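Below is one structure, written out as C-alpha cells, with a few remarks after it.
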Amino acid sequence: MIAATALAQATQPASAAKRLVGTWRLVSITESRRQESRGEKPTGLIYYDDKGNMAVQIMPDRPRAKFAGTSPTPDEARDAILGYTAYFGTYTVDEKLQTVTHNRAGNIDPSGLGDFVRRYEFLSEDKIVLRPLETKGGLTWERVK
C-alpha cells in the first residue's frame with residue numbers, strides 16, 4: 001500500500017506553480033506592440049523562485065547608442081530604455097484559470113506597478129508560453145539548465 005501511494009504521487013504531474021520555479025530564457029515574442037522598439041530577436045530572462053518571488057528582464061537587440069558623457073542626454077536615456085522591460089515582485093498561480101499574476105513591486109516603467117495577469121501554457125516540461133490577457137501575442141520561454 002505504501003509503495004502504491006508513492007508510485008501514484010510520483011506519476012502525478014507537478015503543480016503549475018512548482019513547474020514554473022526556475023530561470024527561463026526568452027525564445028520568441030509574437031504579436032507584441034513593442035516589437036519594433038525591441039528589434040527582431042530580443043533577449044531576456046524570467047525567474048520564479050519557490051518562495052513566490054519573480055523578476056524579468058528583456059533587452060532589445062536593436063542598436064542602442066552608448067552615452068557620450070557620464071550622464072545620458074534625454075535622447076540617450078530614451079533610446080536606452082525604449083523596448084527594454086525590467087520588473088520584479090511576487091507571483092501567484094491560478095491553476096483553474098491557468099494564469100500567473102505578476103505583482104510588480106518595482107518596474108523600469110513607473111506606470112507599470114501592480115498586478116499583471118498572464119495566461120500560461122506549458123508546451124513541454126522545459127518550454128512555456130506566457131500571454132498577456134489583453135493581447136493575442138505571447139512570449140515563449142525555455143528553461144535554463
Side-chain angles (χ1 to χ4, degrees), residues 6-145:
L7 180 59
Q9 288 176 346
T11 58
Q12 289 179 354
S15 71
K18 288 182 182 177
R19 291 175 72 187
L20 272 177
V21 171
T23 302
W24 301 79
R25 174 184 65 79
L26 182 64
V27 175
S28 65
I29 301 176
T30 57
E31 297 183 34
S32 171
R33 294 175 298 196
R34 294 186 180 193
Q35 198 65 31
E36 284 182 30
S37 61
R38 285 189 170 146
E40 290 295 317
K41 190 79 171 136
T43 58
L45 291 174
I46 191 166
Y47 169 79
Y48 296 98
D49 76 10
D50 61 354
K51 306 282 190 262
N53 300 294
M54 63 81 52
V56 64
Q57 299 240 353
I58 300 172
M59 184 179 82
D61 77 341
R62 64 175 175 75
R64 296 184 301 153
K66 293 183 179 179
F67 300 158
T70 56
S71 295
T73 66
D75 285 342
E76 289 172 334
R78 180 185 180 282
D79 184 60
I81 65 168
L82 187 63
Y84 200 104
T85 297
Y87 64 84
F88 67 90
T90 58
Y91 73 97
T92 55
V93 175
D94 185 324
E95 295 197 28
K96 189 174 188 179
L97 295 176
Q98 288 189 289
T99 60
V100 57
T101 300
H102 297 171
N103 183 272
R104 299 171 296 182
N107 195 330
I108 197 168
D109 174 358
S111 64
L113 298 176
D115 291 350
F116 194 45
V117 182
R118 289 167 157 60
R119 294 178 309 263
Y120 64 82
E121 177 186 355
F122 285 97
L123 302 177
S124 69
E125 205 49 44
D126 294 323
K127 197 170 269 189
I128 188 171
V129 177
L130 299 177
R131 291 185 174 85
L133 295 180
E134 65 276 3
T135 68
K136 293 183 182 187
L139 290 84
T140 302
W141 301 87
E142 185 175 63
R143 186 180 303 278
V144 175
K145 292 185 179 187

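Positions are given from 1 along the sequence. Just so it is clear, the structure is predicted and the values come from calculations on it, not from any experiment.
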Any side-chain to backbone donor/acceptor pair from Lys41 onto Val27? Under 3.5 Å, distance only.
yes
If only atom types and distance count, is the side chain of Asn103 paired as donor or acceptor with the main-chain N or O of Thr90 below 3.5 Å?
no
State, to 0.1 Å, how close [X] and [Y] come at their nearest heavy-atom pair, and which atoms those are.
X	Y	result
Asp49	Gly52	OD1-N, 3.0 Å
Ala86	Tyr84	CB-CE2, 3.8 Å
Ala17	Tyr91	O-OH, 4.1 Å
Pro132	Gly137	CD-O, 4.1 Å
Pro60	Pro42	CA-CB, 4.3 Å
Gly138	Val129	CA-CG1, 4.2 Å

Taking the side chain as every heavy atom from C-beta outward, state whether [X] and [Y] have any pair of such atoms under 4.5 Å apart.
X	Y	answer
Gln98	Arg119	no
Leu26	Val56	no
Leu130	Ile46	yes
Lys136	Arg131	no
Leu133	Arg118	no

Pair Ser124-Asp126, side-chain donor/acceptor within less than 3.5 Å:
no
May I have all residue pairs that pass salt bridge (charged side-chain N to carboxylate O under 4.0 Å, His left out) and include part of residues 77-106, sequence neighbours excluded?
Arg62-Asp79
Give me the ring orientation class for Phe116 and Tyr87: parallel if the planes are under 30° apart, tilted from 30 to 60°, perpendicular past 60°.
perpendicular
Do the ring planes of His102 and Tyr48 sit parallel (below 30°), tilted (30 to 60°) or perpendicular (above 60°)?
tilted
How long is the span from the CH2 atom in Trp141 to the NZ atom in Lys127, to the nearest 0.5 Å?
13.5 Å
Kindly compute the distance separating CZ (Arg143) from CZ (Phe122), expressed to the nearest 0.5 Å.
7.0 Å
